[in-house]
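Here the structure comes first, spelled out in structure tokens, and everything after it is commentary.
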Amino acid sequence: MLVLQRGEADIVQTPYGRKGFIQGSEMKKQRESQCTQKTISLLSPLGTIQVRGCENGVHTIQILMDVAPAERSGAAPLSCVVNDSPAETSPELQRGVEWLQAYFSEPQTTGSLPLPAFHHPALQGDTFTSRVLQVLLRDVKFGETVSYKRLAEMAGTPRAAQAVGGAMRRNPVPLLIPCHRVISSSGQSGPYMSGKGDHLKQWLLTHERQGREG
């Protein structure tokens, strides 16, 4: 049986023709169920952040938005500390946590820190979402921004600015892959976390701008 990917669904091709669609979310659950995932909870300036992953890499990052973002007070560094963690974690999961801690407390150092491996299905294979997110990660550095239109051009799909917005919404590892750096062509910051986290996007852009100036 051959599985052909198209957009958000996988088309199942059998010797007797197309059998129908298996929704991408179902395929994702099947692949993720093969991993033993663990979660580390962080107390960050944005509130609680949950980092989930397995021995192969980080699967997801969730910003719970349980408190208002912290205000910067002079030159005092921001903190990001582990709140809850299993007794044993994989090196890749730990590497992701250490990168996030540095991002908040010593942001100027993140460019030289190794990122963890990613093991979410959305980042595997040659899909549009995967390509766009990889280009964003590789080419848009700390303190920089890029428009949806320009990112589409960088990814080789100049007419896909709207689809780039969809790819940002499907980013499973925000912060590590910086979808907050993608803004509208007008200079407006644009939506974040489906519009629920617009204030967080503003906070992150300010944090990076100040970190770069500092």
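Just so it is clear, the structure is predicted and the values come from calculations on it, not from any experiment.
In Lys196, the NZ atom is not crowded: 12 or fewer heavy atoms of neighbouring residues, nucleotides or ligands sit closer than 6.0 Å.
Counting all heavy atoms, side chain and backbone alike, Asn56 lies closest to Ala117 at O-CB, 3.5 Å. When every heavy atom of Phe128 is checked against every heavy atom of Ala167, the shortest pair comes out as CE2-CB, 4.3 Å. Between Thr109 and Ala102 the shortest heavy-atom distance is OG1-CB, 3.8 Å. Taking both residues in full, the closest heavy atoms of Gly53 and Leu93 are given as N-CD1, 3.7 Å, listed atom of the first, atom of the second, then distance. In terms of heavy-atom proximity, Ala152 sits nearest to Ala160 at CB-C, 3.8 Å. Contact detail for Trp203 and Pro69: the closest heavy-atom pair is CD1-CB, 3.5 Å.
Put simply, the side chain of Ser185 never gets that close to the backbone of Ser147: no donor and acceptor are under 3.5 Å apart. At distances below 3.5 Å, not a single donor-acceptor pair connects side-chain atoms of Ser130 with backbone N or O atoms of Asp126. Here the side chain of Asn83 pairs no donor or acceptor atom with the backbone of Ser41 at under 3.5 angstrom. The backbone N or O of Cys35 sits nowhere less than 3.5 Å from a side-chain atom of Glu55 that would complete a donor-acceptor pair. Put simply, the side chain of Lys38 never gets that close to the backbone of Pro86: no donor and acceptor are under 3.5 Å apart. Panel note: side chain Arg131, backbone Ala155; no donor-acceptor pair is recorded below 3.5 Å. Side-chain atoms of Asn171 come within 3.5 Å of backbone N or O of Ile177 as a donor-acceptor pair. For the pair Ser184 (side chain) and Gln188 (backbone), a donor-acceptor distance under 3.5 Å is present. With hydrogens and angles disregarded, no donor-acceptor distance shorter than 3.5 Å links the side chain of Gln108 to the backbone of Gly211. With hydrogens and angles ignored, the 3.5 Å screen pairs no side-chain donor or acceptor of Gln210 with any backbone N or O of His207.
Counting heavy atoms from C-beta on, the side chains of Ile40 and Ser85 come closer than 4.5 Å. Using a 4.5 Å heavy-atom cutoff, the side chains of Ser105 and Leu78 are not in contact. No side-chain heavy atom of Pro172 sits less than 4.5 Å from a side-chain heavy atom of His59. No side-chain heavy atom of Val173 sits less than 4.5 Å from a side-chain heavy atom of Val51. Within the 4.5 Å cutoff, the side chain of Met154 has heavy atoms near those of the Asp139 side chain. With a 4.5 Å cut-off on side-chain heavy atoms, Trp99 and Pro114 do not count as touching.
Distance check, rounded to the nearest 0.5 Å: CG of Asp198 to NE2 of His180 gives 14.0 Å. Atom CZ of Phe142 is separated from atom OG1 of Thr110 by 5.5 Å, given to the nearest 0.5 angstrom. With values rounded to the nearest 0.5 angstrom, Ser44 atom OG is found 9.0 Å from Leu64 atom CG. The CG atom of Asp66 lies 3.5 Å from the OG1 atom of Thr48; values are rounded to the nearest 0.5 Å. Rounding to the nearest 0.5 angstrom, the gap separating the CD1 atom in Ile49 from the SG atom in Cys80 is 5.5 Å. To the nearest 0.5 Å, the span separating CE on Met65 from CG on Leu46 amounts to 10.5 Å.
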Inset, instruction - List the steps and the verdict of side-chain contact (heavy atoms from CB on, under 4.5 Å) for Gln50 and Ile63. - result: CA-CA 7 Å; Gln50 292 183 338; Ile63 305 171; over 6 Å; no
Inset, instruction - Show your working on side-chain contact (heavy atoms from CB on, under 4.5 Å) between Met168 and Leu151 and close with a plain yes or no. - result: CA-CA 11 Å; Met168 296 305 103; Leu151 184 55; 3.9 Å; yes
Inset, instruction - Determine, stepwise, if the pair Leu175 / Phe104 fulfils side-chain contact (heavy atoms from CB on, under 4.5 Å). - result: CA-CA 10 Å; Leu175 302 179; Phe104 289 109; 4.2 Å; yes
Inset, instruction - Kindly indicate, with the supporting measurements, whether the criterion side-chain contact (heavy atoms from CB on, under 4.5 Å) is fulfilled by Glu153 and Lys149. - result: CA-CA 6 Å; Glu153 294 170 349; Lys149 180 179 179 181; 3.8 Å; yes
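Leu43 and Leu100 sit in two unconnected hydrophobic clusters of ILVMFWY residues. Membership requires side-chain heavy atoms under 4.5 Å apart, directly or through other members. Hydrophobic clustering (ILVMFWY, side-chain heavy atoms < 4.5 Å, transitive): Leu205 and Val164 are in distinct clusters. Note: the hydrophobic cluster containing Leu204 does not contain Ile183 (ILVMFWY, side chain heavy atoms under 4.5 Å, direct or indirect links). Using a 4.5 Å cut-off between side-chain heavy atoms of Ile, Leu, Val, Met, Phe, Trp and Tyr, with links allowed through other members, Leu42 and Val67 fall into different hydrophobic clusters.
Taking 4.0 Å as the cut-off between side-chain N and carboxylate O, Lys141 and Glu144 do not count as a salt-bridged pair.
Side chain to side chain, Thr129 and Thr127 fail the donor-acceptor criterion of an N or O pair below 3.5 Å. Using modelled atom types, one finds a donor on one side chain and an acceptor on the other under 3.5 Å when comparing Arg52 with Thr39. His119 and Glu92 share no side-chain donor-acceptor pair at under 3.5 Å. With no hydrogens or angles considered, no side-chain donor-acceptor pair links Tyr103 and Glu98 at under 3.5 Å.
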